[in-house]
Number of protein chains: 2
Amino acid sequence: MSVDSQVKDAHAAWLQIRGWKSAQIVALLESIADALDHAKADLVPVAMEETNLPEARLTGEVGRTTGQLRLMARAVEDRTFLDITIDHADASLTPPRPDLRMKTTSLGVVGVFGASNFPFAFGVAGGDTAAALAAGCAVVIKVNPGHPRVSQMVGEIMIAAALKAGAPAGLISLVEDYDAGMALVEHPLTAAIAFTGSTHGGRALFDAANRREIPIPFYGELGGLNPVFVTRSVASDKAKETAEGFLGSITMGAGQFCTKPGFLIVDGATEINAELATLVSAAPAQKLLNSNIVKLHDKNRDEIAGVPGMSLVAQNPEGGDTKVSVYTISAKDFLKAGEIAKREVFGPTAVVVNCANTDELLRVAESFSGTLTSGIHAIENDPMDLTQLISIVERISGRIVWNQWPTGLAVTWAMQHGGPYPASTNPLFTSVGAKAILRFRRPITYQNFPQSYLSPVLQDGAAELKNARINGKS
Amino acid sequence: MSVDSQVKDAHAAWLQIRGWKSAQIVALLESIADALDHAKADLVPVAMEETNLPEARLTGEVGRTTGQLRLMARAVEDRTFLDITIDHADASLTPPRPDLRMKTTSLGVVGVFGASNFPFAFGVAGGDTAAALAAGCAVVIKVNPGHPRVSQMVGEIMIAAALKAGAPAGLISLVEDYDAGMALVEHPLTAAIAFTGSTHGGRALFDAANRREIPIPFYGELGGLNPVFVTRSVASDKAKETAEGFLGSITMGAGQFCTKPGFLIVDGATEINAELATLVSAAPAQKLLNSNIVKLHDKNRDEIAGVPGMSLVAQNPEGGDTKVSVYTISAKDFLKAGEIAKREVFGPTAVVVNCANTDELLRVAESFSGTLTSGIHAIENDPMDLTQLISIVERISGRIVWNQWPTGLAVTWAMQHGGPYPASTNPLFTSVGAKAILRFRRPITYQNFPQSYLSPVLQDGAAELKNARINGKS
């Protein structure tokens, strides 16, 4: 079937579900979650073959994926995403105010581009799909070429589960290759795009979405350098603990997380580098997703290694798989190198920036641009005044992590996964957590409508008005 | 001073006000509103000279403008825009959940492009400026070439009032010409753009904002055709009243409102057209903003007149000023003509589309794309089943108006001024009303932060937590 027919069918299916009650959307999400949980034992081995990721991780990831779908079901029940806001008519005002009732409405067909590194949680049935369906949208999903077989399996399970829940045919469908993905972005009936992947690939699609005669919202999560800053107190008092945590974080998922802390910026890194030298040498080699990723990783690692002033802290012993590599550079050389030193390396390579004092640490912080996360490792009542550092990282980050590591992402209400470009192409939204649904709803106001023609959720006495803002009061 | 210095100064000023308490932002907005109210008698005559708009309208518009600033002050006090969301740490979950605290933060320097048709309410101190300042941003404002003198006066008053309220120099500044406007969009320290104006001009700046190495949010309100649909019952029972209302709406502000109903789509238009013939002939000629606008209006009106099947209903008598022109066309010819018939004419020209039946009316409705508003004129328990019409206009409109006219815009909480492109370049937001502030804030999450390093509004026991969502419950 052509992309054109798929998008048209998705649009027709969307028109059919626009009138659905929230309970029907909830049932759809739960039907998909149940079916995926049920198929876990079939899915995991295929994903293992396609991604080199271990069984425990993938099994956990299926659970996370179905958890995301169920969190979205709870968010649909919660109804906050309707953002109901009412101003009653008031003839005493100048000019007189008409009755105004605002709620959000679904956008239409959402094109979803899944990532390579999470075949389930950011894949065909991942967070973007869950959020778009929860918003009442139809989805056409571009399969990631890194795991086509398991993606097709998930797609089939999802489509069957949707039909079982009463969804119209065409509400969910998959497309396969790059051209089909581009056609999806350019199709007149596509209403929005959600993308997780590389800055390069994401930017090309972002540009296509904005080039359209009618541009559409593009929500791209393109990654981050995720700098973590370490004060002198922690660098000396907790050198070993910090080195262990850092190594654990940069090798989680073989370093293939978008939240991997690529840069550890330390006020006095000597002890941490010494600890890392020992730890990294003993670390197991890492199996990356596929040979393309290995090639890209090695190329980026070599370019990092070639930055003037960069030296190797340690690499684990040669083996068939990808080595863990930690480099170090002085703050002076790092600042002199500029953007070439700030390369996102997808895989188990990271850099320790060694600062002579807090002033250098702050200047290094100032040199970073948008990132998904940043971290601060400090002791309470740290001798370093942290006000300025917090202020700097607030300006570049979607999430700031204190004395923990950024990898591992709670899927919840207060999560922000996004941030200034290139962390995200739209820093006003999160792609993870209950609020991800908001990307696919837009507000609409009904002026002077008779009750009988209003959507039930906006009618006087509707249960949905309980938490609404009415006449400016919430 | 160069645009580069202005944006840099604005950025520096923004850094200074990031730590401001909400009461300081409130004082800033109120200081500007008071100063403008105080200067009303000086401002209005200059605006009259520059725009040809009448005194009463401009005097009212200053009041609306200061009302907008004061509504924004109330929205700042309200604090909803902080969107505080907290999930407490929970070690019993798998994986354990860290403490997560989310709030929004200001974007930085906002470039504002004011409109020609509202020298005050959408001008230098208009809604976009008020929203950006309320959000805690700095503004660099591109003056509209249609009213440069009154814009400079408003700018000076605003800047003086801001300094009086303790704002740092550079928080507010103006730029003048097209090149400066483009430089503002392209400046690396500009964080977002708000624009109100033509589709052509807005699209050029939208493209520039997206072409940047680091793209920035662009909020453009580019106008609308604002179709109004009239059922057969209204067309026959209330022909005169409808014709009067329509004429009043298309000549309000001499037809130079972005919410002007350019198309009246009537199931059986004979009687309404007959009424319009009489009314339009007796209407006074209209004084447009300036000679460029007159030229553009006449060109667009002539192209409308040249659409195959289009005929003149009436024009008021020749005079020095611009004539009011109402045309009519059958639904069949309108549908055959396609996009050339769907031209936004800025000025007192409009089209009545005459439908033979409800089916034609629905097909005409389907042919429109994104618009700020649409209208439905019907009687309660109308013989026409309105379900389908409402469903169609919901998909294209930011606001749907029942038995009223779209011109005149309440500045309140439940207003949605925006909609699918080209109504707006970002349909998820409104440019008018209290929620316009949300365009200039982005979420940020603090993970595992000690109380003492958290922003006061996120600390346990803060007053701001009263309406927050905590552990998924609001």
Side-chain angles (χ1 to χ4, degrees), chain A residues 18 74 80 85-87 95 97-98 100-102 105 107-108 206-207 210 214-215 217 369-370 380 386 390-391 394-395 397-404 408 410 412-416 418 421-422 425-428 430 434-435 441-450 452-453 467 469 472 474, chain B residues 18 74 80 85-87 95 97-98 100-102 105 107-108 206-207 210 214-215 217 369-370 380 386 390-391 394-395 397-404 408 410 412-416 418 421-422 425-428 430 434-435 441-450 452-453 467 469 472 474:
Chain A
R18 283 183 74 227
R74 299 295 78 73
T80 321
T85 309
I86 293 178
D87 291 313
R97 184 173 73 192
L100 295 164
R101 296 179 188 232
M102 198 273 270
T105 187
L107 289 184
F206 170 82
D207 290 343
N210 287 313
I214 295 184
S369 57
E380 245 184 290
L386 296 168
I390 292 174
S391 168
E394 275 175 340
R395 275 140 51 194
S397 316
R399 176 167 56 110
I400 310 176
V401 182
W402 181 279
N403 283 359
Q404 290 182 341
T412 175
W413 281 88
M415 177 49 68
Q416 169 61 14
Y421 189 92
T425 56
N426 189 325
L428 275 71
T430 180
K435 296 189 184 195
R441 308 272 308 175
R442 67 174 175 86
I444 183 166
T445 292
Y446 301 79
Q447 176 174 330
N448 193 40
F449 261 56
S452 57
Y453 290 109
N467 289 317
R469 176 179 293 271
S474 65
Chain B
R18 284 183 73 227
R74 300 294 79 74
T80 320
T85 309
I86 294 178
D87 291 311
R97 184 172 74 193
L100 294 164
R101 296 181 187 230
M102 198 273 268
T105 187
L107 289 184
F206 170 82
D207 289 343
N210 287 313
I214 294 184
S369 57
E380 244 184 291
L386 296 168
I390 293 173
S391 168
E394 275 175 339
R395 275 139 53 193
S397 316
R399 176 167 56 110
I400 310 176
V401 182
W402 180 279
N403 284 358
Q404 291 181 342
T412 175
W413 281 88
M415 177 48 68
Q416 170 61 13
Y421 188 92
T425 56
N426 189 324
L428 275 72
T430 180
K435 296 189 186 195
R441 307 271 310 174
R442 67 174 175 86
I444 182 166
T445 291
Y446 300 79
Q447 176 174 330
N448 194 40
F449 261 57
S452 58
Y453 289 109
N467 289 317
R469 175 178 293 270
S474 63

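We name chains A, B, ... by the order of the sequence lines, and we start the count at 1 in each one.
The part of Pro217(A) that comes within reach of chain B is its side chain, from C-beta onward, which places non-hydrogen atoms under 4.5 angstrom from that chain. Of the atoms belonging to Asp207(A), it is side-chain heavy atoms, and not backbone ones, that fall under 4.5 Å from chain B. Neither the backbone nor the side chain of Arg74(A) comes within contact range of chain B; no heavy atoms are under 4.5 Å apart. Of the two parts of Thr430(A), neither the backbone nor the side chain holds a non-hydrogen atom closer than 4.5 Å to a non-hydrogen atom of chain B. Looking at Ser452(B), the atoms closer than 4.5 Å to chain A (heavy atoms on both sides) all sit in the side chain, from C-beta outward.
Taking OH of Tyr453(A) as the reference point, atom CD1 of Ile400(B) lies at 14.0 Å (rounded to 0.5 Å). Between the OG1 atom in Thr85(B) and the CZ atom in Arg101(B) there is a gap of 12.0 Å [rounded to 0.5 Å].
Across all non-hydrogen atoms, the minimal contact from Met102(B) to Ala414(A) is CB-O, 3.5 Å. The shortest non-hydrogen separation linking Gly472(A) to Trp413(B) is CA-CD1, 3.5 Å.
The candidate with the highest count of non-hydrogen atom pairs below 4.5 Å against chain B, out of Pro215(A), Pro427(A), Ser391(A), is Pro215(A). Between chain B and the residues Arg395(A), Arg441(A), Lys435(A), the most heavy-atom pairs under 4.5 angstrom are made by Arg395(A). Among Ile214(B), Ile86(B), Thr105(B), Leu107(B), the residue making the largest number of heavy-atom pairs under 4.5 Å with chain A is Ile214(B). Your options are Ser474(B), Ala410(B), Pro443(B), and the one with the most heavy-atom pairs under 4.5 Å with chain A is Pro443(B). Your options are Leu100(A), Asn210(A), Val401(A), and the one with the most heavy-atom pairs under 4.5 Å with chain B is Asn210(A).
Using a 4.5 Å heavy-atom threshold, the side chains of Met415(A) and Arg399(A) count as touching. Between Ile444(B) and Gln416(A) the shortest side-chain heavy-atom distance does not fall below 4.5 Å.
By the ring pair (Phe, Tyr, Trp, His ring centres under 6.0 Å) test, Phe206(B) is found to be paired with Phe218(B), residues two or more places apart in sequence or in another chain being considered.
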